[in-house]
Amino acid sequence: MRIVLLGAPGSGKGTQAKKLMADKNIPQVSTGDMLREAVATGTRFGLKAKSIMEAGNLVPDDVVLGIISERLGQPDAQEGFILDGFPRTTQQALDLEELLDEMGTPLDTAVLMDVDFDILMKRLTGRRTCSLTGKLLNVYFSSQAELDECTDAGGELVQREDDNEETIGNRLSVYRENTEPLIEFYKKREKLTTIDAEGAIDEVYTRLRESLQ
Ligand code: AP5
Ligand code: MG
């Protein structure tokens, strides 16, 4: 199964990709996570990406394409993958199409995760990641038991650098301007499926699974 999860920041791409990855045994390929790793490692390229990401702008297409083509060539991606946060521009979508054509493995579906813009702000300002397990949590939406599970084990609830209101505002407008056109792009290719991504995480996951049957 080769799918793209398309959706605004905070629509739940990472949350749902992780569930699907565990169920289907195919990797989640998140350009955001890979870029954050490069930043944390402090490579020269990582240092360049840091300020772009902190401002909520997009890293150049050729850089992201390089990361993706290397990742999709790895053995664990041969049976399929879940792309999370890529493509994000029409150029990236065209590049992906060309890359998958060359590999002889076309994309099955692009799933648009539809969430109202007001809900996104709350999801993003409330997001925390457990420093021990990497689990995505939310101070507004996760249960106290889930949050305690991390802190009781000695973990910290870490907030992403770009999850402040100002940067979130820019990320949402960058999404509208650069990424929303991909809805039409995949519609034209008859590859678009839209799911209602509001409501409880498990309910959204059920809808996602049904949309992939
Ligand atoms: P990236 O890491 O991809 O961030 P994003 O697109 O802004 O998306 P998010 O990760 O913020 O949201 P998500 O949809 O994964 O939601 P999540 O599941 O975490 O990109 C970061 C930056 O990297 C970009 O700004 C750019 O600079 C750069 N970059 C990355 N890819 C690039 C590319 N291709 N080209 C150029 N630059 C690129 O959920 C959010 C929160 O909500 C969590 O707390 C979660 O617990 C909660 N939640 C999820 N679902 C629910 C639900 N159903 N109910 C209640 N809470 C929920
Ligand atoms: Mg994410």
Side-chain angles (χ1 to χ4, degrees), residues 4-21 28-40 45-46 48-69 71 82-93 95-96 111-116 118-130 134-143 146-147 150 157-164 166-180 182 195-208:
V4 164
L5 290 185
L6 198 62
S11 57
K13 301 181 295 294
T15 302
Q16 298 297 331
K18 285 189 172 64
K19 289 175 86 70
L20 199 58
M21 170 171 72
Q28 167 200 15
V29 175
S30 158
T31 40
D33 288 349
M34 289 189 278
L35 288 165
R36 275 184 291 279
E37 264 169 45
V39 170
F45 156 70
K48 224 166 119 188
K50 189 177 189 308
S51 55
I52 298 177
M53 293 172 76
E54 276 175 11
N57 293 321
L58 295 179
V59 169
D61 289 337
D62 57 335
V63 171
V64 186
L65 178 67
I67 295 177
I68 281 290
S69 48
R71 182 64 188 87
I82 307 148
L83 287 174
D84 158 8
F86 177 92
R88 263 171 138 95
T89 63
T90 303
Q91 187 57 51
Q92 290 181 16
D95 289 341
L96 175 67
V111 182
L112 173 65
M113 307 201 24
D114 193 25
V115 178
D116 220 64
D118 310 343
I119 298 177
L120 298 174
M121 186 57 96
K122 200 165 176 189
R123 285 196 187 172
L124 290 168
T125 51
R127 173 168 50 195
R128 301 289 185 275
T129 306
C130 178
K135 190 170 178 186
L136 281 173
L137 295 163
N138 196 292
V139 293
Y140 301 120
F141 298 109
S142 301
S143 67
E146 276 181 298
L147 297 169
C150 175
L157 298 172
V158 182
Q159 189 166 24
R160 249 169 62 177
E161 293 280 353
D162 58 350
D163 278 345
N164 58 74
E166 193 189 341
T167 306
I168 293 169
N170 189 42
R171 284 161 60 202
L172 293 173
S173 39
V174 166
Y175 172 77
R176 278 195 165 132
E177 194 171 319
N178 297 280
T179 312
E180 256 181 10
L182 296 186
I195 62 162
D196 172 6
E198 290 182 19
I201 290 172
D202 287 344
E203 284 171 28
V204 176
Y205 187 59
T206 304
R207 287 180 214 131
L208 174 63

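In listed order, ligands and their atoms are each counted from 1.
Between M113 atom CE and D196 atom CG the span is 10.0 Å, to the nearest 0.5 Å. We find the CD-CG distance between E198 and L120 to be 8.5 Å, quoted to the nearest 0.5 Å. Here the CG atom belonging to L208 is positioned 12.0 Å from the CG atom belonging to D202, to the nearest 0.5 angstrom. Atom CD of Q92 and atom CD1 of I68 lie 8.5 Å apart (nearest 0.5 Å). Put simply, CD1 on I195 and CG on D114 are 9.0 Å apart, with the number rounded to the nearest 0.5 Å. Going from atom CG of N57 over to atom OG of S51 covers 9.0 Å, rounded to the nearest 0.5 Å.
Counting only non-hydrogen atoms, the option in R160, R123, Q16 that gets closest to atom 4 (O) of ligand 1 is R160. Considering E146, Q92, Q159 only, the shortest heavy-atom separation from atom 35 (N) of ligand 1 involves Q92. Of the candidates G10, G12, G199, A200, it is G199 that places a heavy atom closest to atom 54 (N) of ligand 1. Of all the listed residues (R171, K50, K18, M53), M53 holds the heavy atom that lies closest to atom 22 (C) of ligand 1. Around atom 26 (C) of ligand 1, the closest heavy atom drawn from L65, N57, I52, V59 belongs to N57.
For the pair A8 and ligand 1, a heavy-atom separation below 4.0 Å is found. Every heavy atom of G126 sits 4.0 Å or more from the atoms of ligand 1. Residue contacts with ligand 1 include R36, since one of its heavy atoms falls under 4.0 Å from the ligand.
Below 3.5 Å of separation, one finds an N or O of R127 facing an N or O of ligand 1. The shortest N or O to N or O distance between N138 and ligand 1 is below 3.5 Å. On a distance-only criterion, R128 and ligand 1 share no N/O pair closer than 3.5 Å. Residue V204 has no N or O atom closer than 3.5 Å to an N or O atom of ligand 1. Close N/O approach between S30 and ligand 1 is not found [any backbone or side-chain N/O within under 3.5 Å]. Remark: ligand 1 and D162 share no N or O pair separated by less than 3.5 Å (distance only, no angle test).
Proximity of L137 to ligand 1, defined as any heavy-atom pair under 4.0 Å, is confined to the backbone N, CA, C and O atoms. Only the side chain of V64 comes within contact range of ligand 1, with a heavy atom under 4.0 Å; no backbone atom does.
Between P9 and L124 the shortest heavy-atom distance is O-CD1, 3.5 Å. The two residues R127 and N138 make their nearest non-hydrogen contact at N-ND2, 3.5 Å.
Of the N and O atoms on the side chains of N170 and E166, not one donor lies less than 3.5 Å from an acceptor on the other residue.
Side-chain contact check for K48 versus V63: every heavy-atom pair is 4.5 Å or farther apart. For the pair F86 and V4, the minimum side-chain heavy-atom distance is 4.5 Å or more. Within the 4.5 Å cutoff, the side chain of E161 has no heavy atoms near those of the V39 side chain.
Close approach to G14 involves these atoms of ligand 1, each under 4.0 Å from a residue heavy atom: 13 (P), 15 (O), 18 (O). For ligand 1, the atoms sitting less than 4.0 Å from at least one non-hydrogen atom of L124 are 11 (O), numbered in the order shown with element in parentheses. Atom numbering of ligand 1 starts at 1 in the shown order; those under 4.0 Å from a heavy atom of F141 are 55 (C), 56 (N).
Summary of contacts: the protein heavy atom closest to atom 24 (C) of ligand 1 is R88 NH2, 3.7 Å. Of the protein's non-hydrogen atoms, K13 NZ, 3.2 Å is the one closest to atom 8 (O) of ligand 1. If you check which protein heavy atom lies closest to atom 29 (N) of ligand 1, you get L35 CD1, 3.4 Å. Considering only non-hydrogen protein atoms, atom 39 (O) of ligand 1 sits nearest to T15 OG1, 3.7 Å. Nearest non-hydrogen protein atom to atom 31 (N) of ligand 1 is T31 OG1, 2.8 Å.
Side chain of Q16 to main chain of G12: no donor-acceptor pair is present (N/O by atom type, distance under 3.5 Å, no hydrogens or angles).
A salt bridge links D163 and R171; the closest N-O separation between the charged side-chain nitrogens and carboxylate oxygens is under 4.0 Å.
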